[in-house]
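Written below as structure tokens is the structure these notes are about.
Chain A is the first sequence line, chain B the second, and so forth, proteins listed ahead of strands; every chain is numbered from 1.
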Amino acid sequence: MALPKVYNWQLGREMDYRFANGPAKRQFAAVFNTNRCIACQTCTMACKSTWTFSPGQELMWWNNVETKPYGGYPAHWDVNILELQEKANPGGQVWDATKKDPKNAPYGTFAGKTIFETADGLTNMVTGYLPPEEDWKAPNIYEDTATAFSKTGVSLPEHAGWFFYLQRICNHCSYPACLAACPRNAIYKRAEDGIVLIDQSRCRGYRKCVEACPYKKSMYRPSTRTSEKCIACYPRVEGTDPLTKGLPMETRCMTACIGKIRLQGLVSVDANGQWFEDRQNPLYYLVQVAKVALPLYPQFGTQPNVYYIPPRWAPRDYLRQMFGPGVDDAIAAYTNPSRETLGVLQLFRATQKIIFSYKIQPGPKTGEINVAGKVRELFNDTVIGFDSNGNEIVRVTVDEPLIERPAQVTMNTI
Amino acid sequence: MRIPTVIRRRPITAGVALAVLLTAGVLQFVGVNPAASQSATLTAFESSTDPGTDPASPAWKKAPVLQAPLSFQGATYPTGGGSIPTVSAQALHFQDRLYIRLQWDDATKDDTTTKVENFSDAAAIEFPAVSAATVPSICMGQASSGVNIWQWRADSQAGLKDPADVYTNALVDMYPSKDAIFYTARAAGNPYADPNQGPTQTLVAQAFGTLAKANVQDVKGDGVYADGKWAVVFERQLTGGDVDQATFTNGKSTDMAFAVWNGSEGDRNGKKSVSQFLKLSLVGVSLTGEESSPAGWIAAAALLVGFVGLGVGLGWYGYRESKR
Ligand code: SF4
Ligand code: SF4
Ligand code: SF4
């Protein structure tokens, strides 16, 4: 019997998945700007100190930030999956960037096989592997390790010696591999926000999800013999945190971000996880309109929902492998952002409440800069963010306001 | 969401069927009940002493042994297992309780699940629930006919430990709280995460993937590992605690199946070695003084002959396939 067919818009084609589409309505999604991350790990500690500080969770980092290309938690997770997939479909894991459609195949069409399609459907529903304990023990190994040391220094567009930080949480995938692999159906995806959860009363620690998740974001907890994973801080997303008085709120790892690299929200989706047009939702704008943010390893086929603005200085072939064929356009759109993109980027970490829509008020021209041979005009536009009820929650300008301190200030004032 | 059924399976051709028949025939001929056939019966005699849950109890010396062949589980995802070829089963009843003893060869004792790559040795017995309308599917029952599963786990018997208890030199800054609520699965009532659950779990199921904790946890058990063998005893009242469970009556027989998991092979869930349905028959007769017959040896010899037969059958099948 054949598996149900589902549509994966990130791959621009139908694919096999264990289950037919469920009734998704809204989807948890986020944009991470890799260019701004300073690897301070504040996000990592925000998650740890909220959810994973108890016995048995010592090796568990639902949020982690690793240094690419050598770092990985668990060690070499992505290289291992890529290798398994390459072995299953030698030479075939390629994209056809010509078969493109703005809505149904924005990055082209993936001609290779997903992790669901290389599995036999009997011993495994998903191609994967179970990283042994050793692989989870050094979450930040190869921190700040560059590929080379350049005596002459480096310059854009591609640095001769390079590394970048990759921030990772569970992608709350539209087609979760963890969910497809669970023989007990103990994993479920919520229709109201697309958050993927493991039912802790039903999990029997088979670790098929740990084996299957290509991002290795389902983790084993020996003190309960079950698997646990990022819960997308669902009480905050639901708006039950007292701080926002019922309004949906961004997660701990998002709101704690020092580098202001993260913006998270909820987008309206159809059963395929395809985004309904919502032009003024900042995530919709960044992912679907500006196409400045891309999914992580879309070729795995889970339709992940964390989108990355790729680092400007890393080799493009490496980035294309990681984020798909949309990389060159995304970097171009980030290097010389439009007025609107620049405005929306100001919303990152401007508020803890989830921004459901934004408006840009044009401001005066403030200057010109030359970036990568292009002269760009700068405008001090104002961007306004609105909550789920359409009320204004934040207002920021492109130019950071200059605040002059009085000559005499109290001690310890920064 | 729909759950697809079995995906790909090649038709069993006449060659294999013939080999299976041959095996069964040979086993019948040598006078041993092949557990692979429907007629294999494990008789539970009345014990004159309380066998308890100690597998070394002398009460077992006289109880007849049924060698149940086990095989790879190939009916549903995740398929696998097959590393434990056979399990020796014995049964007794004493007063109002039933005792079943299982023994199998396993070169490694896998009773810790501290590391993500560790899986536990385990064994289970499946019976139709009292409420079952018909004989349930051996594969975890079906909606109208549930099954009652008694599972013993080596890791549960060894006890649930925090990693810090195992890695005693590990440095941990602090645990803000060790309150049970922070052991999420435990707080959610998961029997597997309950340190007080003991080595056995009383479970019920009505289909693949529906295995759940029974309302009444009334199966007790204990296992001992020695000389490359696990021996495990299950004990329960003859009358089940609930309609979801099995009940046993003197003079009657019931269907029964075994499963064994080999932790070092990564066995868990459907990845296990399974038997066919056998019969468990309770008789109101006490065992006499004689020692158990060498039924095990006879069965082993018969099995050898059987496997040769199967081999010949498969060889012929392969030959025929290659000619196609
Ligand atoms: S808090 Fe932000 S800047 Fe710091 S490591 Fe995390 S993502 Fe990067
Ligand atoms: S990232 Fe992994 S754990 Fe998270 S939803 Fe996707 S497959 Fe599941
Ligand atoms: S969303 Fe919440 S649970 Fe998930 S990684 Fe971030 S802080 Fe942790």
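Only the side chain of A:R221 comes within contact range of chain B, with at least one heavy atom under 4.5 Å from a heavy atom of that chain. Of the atoms belonging to B:T210, it is backbone heavy atoms, and not side-chain ones, that fall under 4.5 Å from chain A. For chain A, the nearby part of B:Y167 is the side chain; its heavy atoms alone come within less than 4.5 Å. Using a 4.5 Å cut-off between heavy atoms, B:K161 touches chain A through its backbone atoms (N, CA, C, O) alone. Residue contact with chain B, scored on non-hydrogen atoms closer than 4.5 Å, involves the backbone and the side chain of A:A181 alike. Only the side chain of A:W136 comes within less than 4.5 Å of a heavy atom of chain B; its backbone N, CA, C and O stay farther away. Using a 4.5 Å cut-off between heavy atoms, B:D155 contacts chain A through both its backbone and its side chain. At a 4.5 Å heavy-atom cutoff, the contact between B:S177 and chain A is made by backbone atoms alone. Interface remark: A:T226 contributes side-chain atoms only to the contact with chain B (heavy atom separation under 4.5 Å).
In terms of non-hydrogen atom pairs under 4.5 Å with chain B, the most contact-rich of A:P55, A:S54, A:G56 is A:P55. With chain B as the partner, the residue from A:K208, A:Q57, A:E228 showing the most heavy-atom pairs under 4.5 Å is A:K208. When each of B:D165, B:D194, B:N118 is scored by its heavy-atom pairs under 4.5 Å with chain A, the top score falls to B:N118.
Note that CD1 of B:I84 is 11.5 Å distant from CH2 of B:W230, once rounded to the nearest 0.5 Å.
Within 6.0 Å of the CD atom in A:E134, the count of heavy atoms belonging to other residues, nucleotides or ligands does not exceed 12. A 6.0 Å sphere centred on NZ of B:K220 holds no more than 12 heavy atoms belonging to other residues, nucleotides or ligands. Heavy-atom neighbours of A:Y142 OH from other residues, nucleotides or ligands within 6.0 Å: at or below the threshold of 12.
If you check the side chains of A:N21 and A:N272, you find a donor sitting under 3.5 Å from an acceptor.
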Using the rule given for ring pair (Phe, Tyr, Trp, His ring centres under 6.0 Å), can you reason through A:Y234 versus A:F28, listing the C-alpha separation, both sets of side-chain angles and the distance that settles it, and then say yes or no?
CA-CA 10 Å; A:Y234 69 82; A:F28 172 98; over 10 Å; no
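Using cut-offs of 30° and 60° for the angle between ring planes, the A:W62 and A:W51 rings count as parallel.
Judged by a 6.0 Å distance limit and a 45° cone about the ring axis, A:K189 is not positioned over the six-membered ring of A:Y175.
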